[in-house]
Amino acid sequence: MKKILLIFCSSCLLLSCKKFLDERQDAAMVIPSTLDDIEKMMDHGNAMSFMMADHADGSSDDVYVPPATLATLDQGSYNNYTWGPEYFFDQVQSTWSQAYLVINYTNIVLEKISEIDRTDRNALQWDRVYSTAHFFRAYAYNLLINTFAPAYDPSTYHTDMGVCLRLKSDFNILSVRSSVKECYDQILFDATEALRGLPVEPVYKTRPCKPAAFALLARIYLTINDFKKAGDYADSCTRLYPTLLNYNNVSLNPGAAFPMFNEDVIFHAVGGSSPFMFPNRVRVDTLLYRSYSTDDLRRKLFFNTVTDGQAHTGSYAGGYFFSGISSPEAYLIKAEALTEQGFYTDGMATLNLLLEKRWRTGTFVPLTANSKEDAIAIIRTERRKELTFRGLRFFDLKRWNKRGANIIVRRKIGNELLELLPNDLRYAIPIPRRVIDMTGMPQNPR
């Protein structure tokens with residue numbers, strides 16, 4: 001059998017002047033040529049399932065690094081936590097490099113599938129592979145634009161710097177930064193194409209399915225404040241995949257992680273490879289932990305008391321942080337989208353469907369709101385509590401602050417108080433220095 005072109009590399013696989021943006025490891029491999037070959041590329045877990053938002057999570061207000069751990073951090077991790085000028089992570093551990101590795105795989109797949117005739121005999125597999133590649137490319141670019149670009153602003157997105165849109169696998173194509181608008185146009189195209197041939201139920205949860213594509217579109221439209229489409233796509237997701245894990249049925253020993261691929265999981269992906277963003281190293285913000293009621297089962301199941309604070313044990317990805325798509329996220333998007341459109345009673349009802357599965361049986365009293373503003377505040381609070389350490393909080397801070405939420409993130413480092421103010425330039429995380437040096441593209445201002 002022909003070997004699949006698997007590029008084990010520490011590179012983001014963006015190129016300029018005929019070079020990778022990062023180092024490439026060579027291997028003797030054969031170019032894939034069959035549908036089976038290229039579908040196996042999409043199943044390569046070490047590449048496709050690592051959708052890291054570590055740099056973003058590390059800069060969010062969910063994270064607390066105790067002084068003793070802070071003193072052991074490398075400069076890149078320290079800068080990540082304190083919003084410093086550059087993040088010097090090893091490129092294997094870079095959100096940038098991992099996302100562009102995924103993108104390069106998808107580009108190869110889309111180029112190769114265009115050379116294979118779609119017939120009655122292979123139509124199901126052809127459509128599935130085609131749609132899977134578009135899903136992964138949309139997923140990766142959405143992660144990149146949220147991490148390395150400023151918050152979406154329709155008044156400036158034509159000129160705001162986005163990320164590099166690489167839609168071909170040709171290493172000789174110059175890498176340049178596209179505008180935020182161009183990036184979102186591409187992301188939405190890819191995510192919409194993903195709907196064409198994905199199955200309703202995947203064989204494996206590491207493969208995308210139609211509910212996952214609906215949820216991804218809902219996530220994207222929520223980011224760009226199109227609440228009608230965000231709500232519609234979230235509703236489509238929950239109609240196909242209404243399941244919510246009832247935490248009353250979850251029995252975990254203290255400090256144990258949730259089972260992977262549990263009922264909440266629609267699409268499985270993991271993060272947590274940066275030097276300090278591992279569940280056993282980072283700690284949970286104290287105020288966040290205290291916000292959970294004693295009858296809220298997430299307080300017990302998500303956290304474990306250790307000597308220097310609260311460790312997060314609520315991951316759906318074992319020893320890593322979960323960065324995939326879950327049904328709770330779809331319900332929360334639907335609740336927020338309904339509320340933003342003025343249907344706050346329906347929004348609260350949708351939220352309560354989720355919370356009922358999170359509180360101890362017989363103790364939950366449905367939450368109510370007297371206004372759209374009250375409902376938005378409640379939903380934002382519950383979104384943070386449900387999706388903690390999912391790689392989403394930093395992105396929520398960006399979009400909510402752009403809409404006037406005025407959330408300030410603070411760090412106490414010794415006697416010094418550091419602040420990340422709303423709409424700060426540092427919400428666009430620095431692109432790895434090696435990428436800047438090799439391409440000459442502009443760095444994000446700090």
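Basis for what follows: all heavy atoms, side chains included, without hydrogens, waters or symmetry-related copies.
Ring centroid separation for the pair His55 and Phe394 does not come in under the 6.0 Å cut-off. Taking the six-membered ring for Trp and the full ring otherwise, the centers of Tyr184 and Tyr157 sit at least 6.0 Å from each other. Aromatic rings from Phe389 and Phe322 are positioned such that their centres are separated by 6.0 Å or more. Proximity of the aromatic rings of Phe321 and Tyr316 is defined here by a centroid distance below 6.0 angstrom, and this criterion is not met.
Inspection of the Asn104 and Arg137 side chains reveals no N or O donor paired with an N or O acceptor under 3.5 Å. Using modelled atom types and a 3.5 Å distance limit, the side chains of Thr243 and Asp264 yield no donor-acceptor pair. Side-chain contact, Asp117 with Thr119: no donor N or O sits under 3.5 Å from an acceptor N or O. When only modelled atom types and interatomic distance are considered, Ser131 and Glu193 share no side-chain donor-acceptor pair under 3.5 Å. Using modelled atom types and a 3.5 Å distance limit, the side chains of Gln186 and Asp190 yield a donor-acceptor pair. With hydrogens and angles left out, the side-chain atoms of Ser77 and Asn80 include no donor and acceptor closer than 3.5 Å. Between Asn246 and Glu263, the side chains place no donor N or O within less than 3.5 Å of an acceptor N or O (distance only, hydrogens not considered).
Residues Asp61 and Arg393 are paired through a salt bridge, judged by an N-O separation under 4.0 Å between the basic side chain and the carboxylate. Using a cut-off of 4.0 Å between Lys/Arg side-chain N and Asp/Glu carboxylate O, Glu340 and Arg403 are scored as salt-bridged. A salt bridge links Arg399 with Glu336: the closest approach of a Lys/Arg side-chain nitrogen to an acidic carboxylate oxygen falls below 4.0 angstrom.
Taking the ring centre of Tyr247 as origin, the terminal cationic atom of Arg298 falls outside the region bounded by 6.0 Å and 45° from the ring axis. Under the 6.0 Å distance and 45° angle rule, Lys385 counts as a cation-pi partner of Tyr292. Seen from the ring of Tyr64, Arg283 does not count as a face-on cation partner, given the 6.0 Å and 45° thresholds.
Atom NZ of Lys229 has 12 or fewer heavy atoms from other residues, nucleotides or ligands within 6.0 Å.
Exactly one of Asp235, Asp232, Thr350 qualifies for a side chain to side chain donor-acceptor pair (under 3.5 Å) with Lys334. That residue is Asp235.
The distance from the CZ atom of Arg196 to the CZ atom of Arg128 is 14.5 Å, given to the nearest 0.5 Å. Between Lys205 atom NZ and Ser49 atom OG the span is 13.5 Å, to the nearest 0.5 Å. With rounding to the nearest 0.5 angstrom, the CG atom of Asn79 is 11.5 Å from the CD1 atom of Ile429. Rounded to the nearest 0.5 Å, atoms CD1 (Ile436) and CG (Asn444) are 7.5 Å apart.
Using cut-offs of 30° and 60° on the angle between ring planes, the pair Tyr130 and Trp126 is parallel.
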Please evaluate residues Tyr221 and Leu188 with respect to the criterion side chain to side chain contact (heavy atoms under 4.5 Å, CB included), reporting the C-alpha separation (whole Å), side-chain torsions for both, the decisive distance (0.1 Å), and the verdict. CA-CA 9 Å; Tyr221 278 113; Leu188 287 170; 3.6 Å; yes
Does the pair Asp43 and Arg207 meet the rule for a salt bridge (Lys or Arg N to Asp or Glu O under 4.0 Å), with working shown? CA-CA 7 Å; Asp43 285 336; Arg207 284 184 180 179; 2.8 Å; yes
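Taking the ring-ring contact (aromatic ring centres under 6.0 Å, His included) definition, one finds that Phe136 meets it with Phe267, sequence neighbours left out.
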